[in-house]
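Notes follow once the structure below has been shown.
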Amino acid sequence: MIRTPVDLTRHLPIERKTAALIANAASRYPCTLTLERDNIVLNLKSMIGLLSQSIPRDGRMEIVADGPQEDAASRAMVELLEQLRK
């Protein structure tokens, strides 16, 4: 299991296009990919989960990758979020 802190402040509120790009990229990996903080767990492969208003206003969460190709998946998610920031 790999936990990577991320700041989603610049992505809030997450728009449909952004959620679709994230979910599409996450779905390419066989591992479980979630955004987590406290008792919040959002499936990165689910556009609906990403569009929910469960993301804290400060935007701080962790990408949690667990399973096959978790390292590659974690890196890809962080890179995608960085690209979408610009």
Side-chain angles (χ1 to χ4, degrees):
M1 180 182 304
I2 297 174
R3 293 183 169 274
T4 308
V6 291
D7 182 357
L8 301 173
T9 307
R10 291 188 180 177
H11 301 292
L12 296 178
I14 292 182
E15 298 174 357
R16 285 188 322 188
K17 181 179 178 181
T18 302
L21 290 170
I22 293 169
N24 187 27
S27 294
R28 295 180 187 145
Y29 296 93
C31 62
T32 301
L33 283 164
T34 55
L35 275 175
E36 298 183 12
R37 177 173 164 188
D38 302 327
N39 293 326
I40 301 168
V41 179
L42 303 175
N43 182 352
L44 280 172
K45 296 179 181 183
S46 168
M47 210 175 129
I48 292 172
L50 292 170
L51 291 172
S52 74
Q53 298 302 316
S54 299
I55 296 174
R57 291 182 189 199
D58 66 10
R60 291 182 304 199
M61 296 193 81
E62 286 185 322
I63 294 175
V64 180
D66 189 22
Q69 299 181 17
E70 63 188 18
D71 191 42
S74 181
R75 283 194 314 267
M77 292 298 99
V78 170
E79 288 174 15
L80 177 61
L81 290 171
E82 284 298 319
Q83 289 174 0
L84 294 173
R85 270 186 145 162
K86 299 176 182 177

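Side chains included, hydrogens not; waters and symmetry mates left out as well; all remaining heavy atoms used. In this text, all values refer to a predicted model and were calculated from it rather than measured experimentally.
- Taking the side chain as every heavy atom from C-beta outward, Leu35 and Leu50 approach each other to under 4.5 Å.
- Pairs passing the side-chain hydrogen bond (donor to acceptor under 3.5 Å, both in side chains) check and including a residue from residues 71-80, sequence neighbours excluded, read Thr4-Ser74, Asp71-Arg75.
- When the side chains of ILVMFWY residues are joined at heavy-atom separations under 4.5 Å, either directly or via intervening members, Met77 and Leu21 end up in a single hydrophobic cluster.
- The structure places CG of Leu44 at 9.5 Å from CG of Leu80, a figure rounded to the nearest 0.5 Å.
- Note on Val41 and Ile14: separate hydrophobic clusters, where clusters join Ile, Leu, Val, Met, Phe, Trp and Tyr whose side-chain heavy atoms are under 4.5 Å apart, directly or indirectly.
- Interatomic distance, CG of Leu42 versus CZ of Arg37, reported as 12.0 Å (0.5 Å rounding).
- Taking CG of Asp66 as the reference point, atom OG1 of Thr34 lies at 8.5 Å (rounded to 0.5 Å).
- For the residue pair Lys45 and Ala26, the shortest heavy atom distance occurs at CE-O, 3.2 Å.
- Between atom CG of residue Asn43 and atom CG of residue Leu33 there is a gap of 8.0 Å, rounded to the nearest 0.5 Å.
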Test side chain to side chain contact (heavy atoms under 4.5 Å, CB included) on Leu12 and Arg57 and set out the steps. CA-CA 8 Å; Leu12 296 178; Arg57 291 182 189 199; 5.6 Å; no

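- Summarising the geometry, atom CE belonging to Met61 is positioned 11.5 Å from atom CG belonging to Asp7; distances are rounded to the nearest 0.5 Å.
- Sparse packing is recorded around CD of Glu15, with 12 or fewer heavy atoms of other residues, nucleotides or ligands lying under 6.0 Å away.
- Using a 4.5 Å heavy-atom cutoff, the side chains of Arg60 and Pro5 are not in contact.
- Residue Val64 shares its hydrophobic cluster (ILVMFWY side chains chained together at separations under 4.5 Å) with Met1.
- Between Ala65 and Cys31, the shortest heavy-atom distance links the atoms CB-SG, 4.4 Å.
- Residue Ile55 holds its CD1 atom at 9.5 Å from NE2 of His11, rounded to the nearest 0.5 Å.
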